[in-house]
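This report concerns only the one structure given below.
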Amino acid sequence: MGCEDEQLVKTICDLYEKISKLESLKPSEDVNVLFKQLVSTCIPPNPSIDVTKMCETVQEIRLNLIKICGEAEGHLEHHFSSILTSFQDNPLNHLNIFPYHNNYLKLGKLEFDLLTQNLNGSVPKSVAFVGSGPLPLTSIVLASSHLKDTIFHNFDIDPSANSLASLLVSSDPDISQRMFFHTVDIMDVTESLKSFDVVFLAALVGMNKEEKVKVIEHLQKHMAPGAVLMLRSAHGPRAFLYPVVEPSDLQGFEVLSIYHPTDDVINSVVISKKLPVVSTGNVGGPSCLLKSCNCSKIHAIMNKKKKKNMMIEEFGAREEQLS
């Protein structure tokens with residue numbers, strides 16, 4: 001690394017030390033200031049920063065920082081979802097009070113454009129979002145602005161998150177009929193995954209490489225052949241905020257496109273398609289997956305510019321088929 005890169009990493013590590021000493025990660029003046037500094041430090045594009053090649057100490061700091069950011073993000077979403085649900089009219093009319101609302105609008109448009117491009121203009125009938133949280137902005141943005149006839153199934157392991165999220169959309173006459181919430185560990189969902197045209201995997205589902213790959217392998221095993229998997233990754237110093245997904249992590253998928261934003265949209269977007277299962281030709285013999293992604297097909301696109309009743313399902317040992 002050059003001197004400027006070393007100084008950038010040092011600044012991030014210094015901020016980590018301050019953040020790790022906070023008594024609480026719930027929204028407060030100190031928390032807000034430190035995380036604003038962290039994001040502003042990490043967000044400028046810097047392709048020369050490769051977190052996989054850094055020393056063990058920095059790697060450990062990065063993994064800890066991602067966990068801290070995930071916890072802080074959860075508190076932030078709970079905080080604002082609670083505020084939004086207190087509005088007497090439709091809470092969705094006030095989403096702009098969330099400080100990163102504009103970021104989600106841009107990210108939703110980006111993901112919709114990539115999805116449309118790679119689906120040749122066809123519109124998915126049913127979408128799953130894994131790790132939707134108490135403020136499911138991606139699903140809301142896509143459902144309200146881009147996929148206006150699509151059914152959305154949101155999965156989260158936290159019942160309190162799903163309670164807030166369902167309450168948030170319950171006053172909207174359109175969204176409330178097309179958006180459903182399921183309280184379940186996605187690793188316990190199997191046959192139901194075959195019913196989705198597109199599966200979104202939130203950036204913070206799988207906080208490290210091993211966990212992320214385990215979730216991807218589970219999705220690959222149970223998604224329908226030809227279904228699209230959209231993931232969020234990170235690039236350059238932004239990888240101190242979110243886990244990185246590499247094409248090699250997507251065994252059994254064909255990677256269609258990778259997009260690294262250079263504006264205030266923090267997450268990179270990876271879009272892939274589950275490959276079909278083909279028979280070996282032996283009767284009763286095993287079948288095998290076609291090879292994983294052909295990396296020559298990856299498009300690393302760089303932005304040159306800057307039902308009225310809500311359904312919250314508690315999945316038990318017996319999984320229900322999603323409609």
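Just so we're clear, the structure is a prediction, and the values are computed from it rather than from any experiment. Position 1 is the first residue of the sequence; numbering continues from there.
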>> Before you tell me yes or no, could you show the steps for D174 and R178 under salt bridge (Lys or Arg N to Asp or Glu O under 4.0 Å), namely the whole-Å CA-CA distance, both residues' side-chain angles and the distance that decides it to 0.1 Å?
In response: CA-CA 7 Å; D174 172 41; R178 296 191 289 119; 2.9 Å; yes
> Between I66 and F240, does a side-chain contact (heavy atoms from CB on, under 4.5 Å) hold up when you go through it step by step?
Replying inline: CA-CA 6 Å; I66 288 173; F240 280 95; over 6 Å; no
>> The test is side-chain contact (heavy atoms from CB on, under 4.5 Å); show your working for L76 and L25 and say whether it passes.
In response: CA-CA 9 Å; L76 185 70; L25 293 173; over 6 Å; no
>> Assess the residue pair L115 and I271 against the criterion (side-chain contact (heavy atoms from CB on, under 4.5 Å)); give the C-alpha distance rounded to whole Å, side-chain angles, the decisive distance to 0.1 Å, and a yes or no.
In response: CA-CA 8 Å; L115 188 60; I271 181 169; 4.1 Å; yes
>> Using side-chain contact (heavy atoms from CB on, under 4.5 Å), reason through V127 and L142 one step at a time and then give a plain yes or no.
In response: CA-CA 10 Å; V127 168; L142 289 172; 5.7 Å; no
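Contact annotation: the side chain of N267 never approaches that of L241 to less than 4.5 Å [non-hydrogen atoms, C-beta and beyond]. At least one side-chain heavy atom of V9 sits less than 4.5 Å from a side-chain heavy atom of M54. At least one side-chain heavy atom of L231 sits less than 4.5 Å from a side-chain heavy atom of L250. Contact of the V189 side chain with the I186 side chain is registered, since non-hydrogen atoms from C-beta on lie closer than 4.5 Å. Under the 4.5 Å side-chain criterion, counting only non-hydrogen atoms from C-beta, R238 is in contact with P45. M230 has its side chain out of reach of V270: every pair of non-hydrogen atoms, C-beta onward, lies at least 4.5 Å apart. Under the 4.5 Å side-chain criterion, counting only non-hydrogen atoms from C-beta, S272 is not in contact with E254. Put simply, the side chain of S144 reaches to within 4.5 Å of the side chain of I175, judged on heavy atoms.
Side-chain atoms of K274 do not come within 3.5 Å of backbone N or O of A224 as any donor-acceptor pair. No donor-acceptor pair under 3.5 Å is formed between the side chain of N154 and the backbone N or O of F181. Checking side-chain atoms of N103 against main-chain N and O of D264 turns up a donor-acceptor pair under 3.5 Å. Between the side chain of S20 and the backbone N or O of E17 there is at least one donor-acceptor pair closer than 3.5 Å. A distance-only check finds a donor-acceptor pair linking the side chain of T150 to the backbone of P124 [under 3.5 Å]. The backbone N or O of H78 lies less than 3.5 Å from no partner atom in the side chain of S81, so there is not a single donor-acceptor pair.
Counting only N and O atoms by type, the side chains of S122 and N120 include no donor and acceptor under 3.5 Å apart. For the 3.5 Å distance criterion, the side chains of H235 and S268 fail to qualify, holding no donor opposite an acceptor. A side-chain donor from one of Y16 and N64 sits under 3.5 Å from a side-chain acceptor of the other. In summary, the side chains of D5 and N46 do present a donor paired with an acceptor at a separation below 3.5 Å, with no hydrogens or angles considered. Defined by atom type and a distance below 3.5 Å, a donor-acceptor pair is missing between the side-chain atoms of D197 and S126. Between the side chains of E77 and Y100, no donor N or O sits under 3.5 Å from an acceptor N or O. Side-chain atoms of S171 and N90 form no donor-acceptor pair, as typed in the model, at a separation below 3.5 Å.
In this structure, F98 and F80 have perpendicular ring planes: the angle between them is above 60°, well past the 30° mark.
Residue-environment remark: CD (E29) stays at or below the threshold of 12 foreign heavy atoms within 6.0 Å. At most 12 non-hydrogen atoms from other residues, nucleotides or ligands lie less than 6.0 angstrom from NZ of K10.
When all heavy atoms are compared, the tightest approach of G70 to L204 is CA-CD1, 3.4 Å. What you find for L167 and S170 is that their closest heavy atoms are O-OG, 2.8 Å.
Between R232 and E111 a salt bridge is recorded (basic side-chain N to carboxylate O distance below 4.0 Å). Salt-bridge check for D113 with K109: passed, with a basic side-chain N closer than 4.0 Å to an acidic carboxylate O.
Aromatic ring centres of H218 and H222: separated by under 6.0 Å. Note: F196 and H153 meet the aromatic proximity criterion, with ring centroids under 6.0 Å apart.
Annotation: side chain to side chain contact (heavy atoms under 4.5 Å, CB included) contacts of D30 (sequence neighbours excluded): L22, S28. Every residue meeting the side chain to side chain contact (heavy atoms under 4.5 Å, CB included) condition with K212, not counting sequence neighbours, appears here in chain and number order: L201, I216, P243, V245. Scanning for side chain to side chain contact (heavy atoms under 4.5 Å, CB included) contacts around S82 gives L164, with sequence neighbours left out. Under the side chain to side chain contact (heavy atoms under 4.5 Å, CB included) criterion, K221 pairs with no residue at all, not counting sequence neighbours.
Hydrophobic clustering places L15 together with V39 (ILVMFWY residues linked when any side-chain heavy atoms are closer than 4.5 Å, directly or through intermediates).
Among residue pairs with one or both ends in residues 59-70, none qualify as salt bridge (charged side-chain N to carboxylate O under 4.0 Å, His left out); sequence neighbours excluded. Here salt bridge (charged side-chain N to carboxylate O under 4.0 Å, His left out) pairs that include residues 142-151, with residues two or more places apart or in two chains, number zero.
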